[in-house]
Protein chains: 2
Amino acid sequence: MQAKDVILGLLKKKKMSGYDIKKRFEEEFSYFFDSSYGSVYPTLKKLEENDLIKKETIIQEGKPNKHIFSITEKGEKLFEMYLHSEVKRDNIRSDTCMRLYFGEFMDVRKQISLIDNAILQNKKTINKLKQMYVQHNEQMSNTQKISLQIGIEHQRSQAKVLLEGKQKLVNELD
Amino acid sequence: MQAKDVILGLLKKKKMSGYDIKKRFEEEFSYFFDSSYGSVYPTLKKLEENDLIKKETIIQEGKPNKHIFSITEKGEKLFEMYLHSEVKRDNIRSDTCMRLYFGEFMDVRKQISLIDNAILQNKKTINKLKQMYVQHNEQMSNTQKISLQIGIEHQRSQAKVLLEGKQKLVNELD
DNA sequence: CTTATCATGTAACAGGTTACATGATTCT
DNA sequence: AGAATCATGTAACCTGTTACATGATAAG
């Protein structure tokens, strides 16, 4: 799964601009994908060059013209190929887990503050995702709901483990 | 968190070869980090060039000579800097979630088989991680245990959500 | 007999990030 | 007054992947 597959999928649902796409990444995809503008715009350019998407320009004043992209038939076929390709295994990079792994090189107080921060982040993310669920609930497909639920539960389970772990650290502190 | 930080941390615990390091990535780190040989060996080379680690060669027959790396004082300092740097937020790339997001473009049977496969993977990973816990339990630090627990619970929570979601899909099939 | 393990490394390439460049409008 | 939102894009860079190249030994 790469940026191009995801972008093609989004454009299959609805035509939109690079800016819109990036916004989706930050909102709906935040818990399983991310990519920067420096990846979105060049990818759109390449897709257009290969006739996988097409551009429509909307003239605007005070801001750069808006480029609305829509998927072509050729693009739909490529997206179809992605959907039929082998599912890649999840790829997680957790700096938090890494630091816990090397926790022995920090004093206990630092370990605890690391955990506290992580829990705080978890809670923020949970709120954000829950809100998304409430807001988009009705337009979401079954499988979209499952995917969102995975995100929420992932955060919850992490927060739970962290809190329990913290208790043990605190107890040993006395 | 990059390969170099992790490698430095591992070498701080114990001197070892590139091959050993990669093995650790596959075992202990599998649920929050991964990196290929094509990243490990060049990184070791760079670290050595910068006097952050040093090499010791063990002559072997029938296999390439073994290069055992150990961390230098300069390397320890750099690792210390990593430990004091800002914690990066987790980065997850889940092809499974992505496909669930685009589930509406697949027929329900395909959605279900996607879920079944994902659950199977979850279970395999849970077994592997549990085994790791049993085997290394006594040598593991508190925080290492927390980190491993996060991995296990992450898989469990995902499997749970997927199974519940699948039920709904199956029910709607009738 | 075939698979896994041990053991190193390079070259070509892909993919993505960060920082830069620009600037009006709207919300707080 | 200042932050956020809208809106595009490029250039330099970094990091990492895949595939290749080699080959003995041990285990099943």
Side-chain angles (χ1 to χ4, degrees), chain A residues 1-8 15-27 29-30 32-50 53 55-69 78 82 85-86 88-93 95 98 128, chain B residues 1-8 15-27 29 32-50 53 55-69 82 85-86 88-93 95 98 128:
Chain A
M1 167 202 40
Q2 291 141 249
K4 69 167 197 290
D5 301 312
V6 187
I7 288 175
L8 246 23
K15 60 183 181 179
M16 57 178 106
S17 66
Y19 188 82
D20 295 332
I21 289 169
K22 172 65 176 134
K23 222 175 10 168
R24 293 284 179 114
F25 287 176
E26 277 159 22
E27 286 161 16
F29 290 5
S30 58
F32 63 86
F33 186 80
D34 192 32
S35 222
S36 60
Y37 283 122
S39 160
V40 171
Y41 287 116
T43 301
L44 284 168
K45 202 178 169 187
K46 262 182 227 162
L47 288 172
E48 202 203 350
E49 279 163 13
N50 293 308
I53 60 178
K55 181 160 71 179
E56 196 181 319
T57 303
I58 292 174
I59 283 103
Q60 296 189 132
E61 274 164 51
K63 324 180 209 185
N65 289 337
K66 200 170 177 171
H67 299 303
I68 307 275
F69 295 92
L78 193 67
Y82 159 64
S85 69
E86 202 197 342
K88 288 257 167 45
R89 72 177 187 302
D90 292 3
N91 184 310
I92 303 179
R93 251 181 194 221
D95 197 11
M98 190 59 82
K128 190 178 135 193
Chain B
M1 167 202 40
Q2 291 140 252
K4 69 167 198 289
D5 300 312
V6 187
I7 289 176
L8 246 21
K15 59 183 181 177
M16 58 178 103
S17 67
Y19 188 81
D20 296 332
I21 289 168
K22 171 67 174 131
K23 223 175 9 168
R24 293 285 179 113
F25 286 176
E26 276 159 24
E27 288 162 14
F29 290 5
F32 63 85
F33 186 80
D34 193 30
S35 220
S36 61
Y37 283 123
S39 159
V40 172
Y41 286 117
T43 302
L44 284 168
K45 204 179 167 186
K46 260 181 231 163
L47 288 173
E48 203 204 347
E49 281 163 11
N50 292 309
I53 61 177
K55 181 160 71 178
E56 194 182 321
T57 303
I58 291 174
I59 283 102
Q60 295 189 133
E61 274 164 50
K63 325 178 207 185
N65 289 336
K66 199 171 179 171
H67 299 303
I68 306 275
F69 295 93
Y82 159 65
S85 70
E86 202 197 342
K88 288 257 168 42
R89 71 177 188 302
D90 292 3
N91 184 310
I92 302 180
R93 259 190 184 213
D95 197 11
M98 190 59 81
K128 191 178 134 193

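Computed over heavy atoms, backbone and side chain alike; hydrogens, waters and symmetry mates excluded. Letters go in sequence order (proteins before strands), and every chain restarts at 1.
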Can you check whether [X] has a side-chain N or O nearer than 4.0 Å to OP1 or OP2 of [N]?
{"X": "Ser36(B)", "N": "dT17(D)", "result": "yes"}
{"X": "Arg93(A)", "N": "dG16(D)", "result": "yes"}
{"X": "Gln60(B)", "N": "dA7(C)", "result": "yes"}
{"X": "Lys45(A)", "N": "dT10(D)", "result": "yes"}
{"X": "Ser39(B)", "N": "dT15(D)", "result": "no"}
{"X": "Lys4(B)", "N": "dC14(D)", "result": "no"}

Is there side-chain contact between Ile68(B) and Ile58(B), with heavy atoms separated by less than 4.5 Å?
->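 Sidechains of Ile58(B) and Ile68(B): in contact.
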Rounded to whole angstrom units, what separation is found between the [atom1] atom of [X] and the [atom2] atom of [N]?
{"X": "Ile59(B)", "N": "dT8(C)", "atom1": "CD1", "atom2": "P", "answer": "13 Å"}
{"X": "Ile7(B)", "N": "dT15(D)", "atom1": "CD1", "atom2": "P", "answer": "12 Å"}
{"X": "Tyr37(B)", "N": "dT22(D)", "atom1": "OH", "atom2": "P", "answer": "19 Å"}
{"X": "Lys66(A)", "N": "dC6(D)", "atom1": "NZ", "atom2": "C1'", "answer": "8 Å"}
{"X": "Lys23(A)", "N": "dA7(D)", "atom1": "NZ", "atom2": "C1'", "answer": "11 Å"}
{"X": "Leu47(B)", "N": "dG16(D)", "atom1": "CG", "atom2": "P", "answer": "11 Å"}
{"X": "Leu44(B)", "N": "dG16(D)", "atom1": "CG", "atom2": "C1'", "answer": "14 Å"}
{"X": "Tyr19(B)", "N": "dT25(D)", "atom1": "OH", "atom2": "C1'", "answer": "12 Å"}

Taking the side chain of Tyr41(B) as heavy atoms from C-beta outward, which of dG9(D), dT10(D), dA7(C) is closest to it?
-> dA7(C)
Nucleotide of dT15(D), dT8(C), dC6(D) approaching Gln2(B) most closely (side-chain heavy atoms) |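 The nucleotide sitting nearest to the side chain is dT15(D).
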Salt-bridge criterion met for Lys88(B) and Asp5(B) (N-O under 4.0 Å) =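 Salt bridge: no.
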Answer yes or no: are there more than 12 heavy-atom neighbours, outside Lys22(A) itself, under 6.0 Å from its atom NZ?
->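 Enclosed: over 12 neighbouring heavy atoms sit under 6.0 Å from NZ of Lys22(A).
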Lys88(A) or Lys46(B): which one's nearest nucleotide on DNA chain D is closer to the 5' end?
->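 It is Lys46(B), whose closest nucleotide lies nearer the 5' terminus.
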Checking all strands, does Ser17(B) fall into the base, sugar-phosphate, or nothing category for heavy-atom contacts under 4.0 angstrom?
->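 Sugar-phosphate contact only - Ser17(B) comes under 4.0 Å of backbone atoms but never of a base.
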Using the closest heavy atom to pick a nucleotide of DNA chain C for each, name whichever of Ser35(A) or Asp20(B) lands nearer the 5' end.
->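 Looking at the nearest nucleotide for each, Asp20(B) comes out on the 5' side.
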Mapping Asn91(B) and Ile68(B) onto DNA chain C by nearest heavy atom, which one lands closer to the 5' end?
->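 On the 5' side of the pair lies Ile68(B).
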Given Ile53(A), which of Glu48(A), Lys15(A), Lys4(A), Lys46(A) fulfils the side-chain contact (heavy atoms from CB on, under 4.5 Å) condition?
->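 Passing option: Glu48(A).
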Euclidean distance, Thr57(B) OG1 relative to Phe69(B) CZ, rounded to 0.5 Å = 8.0 Å
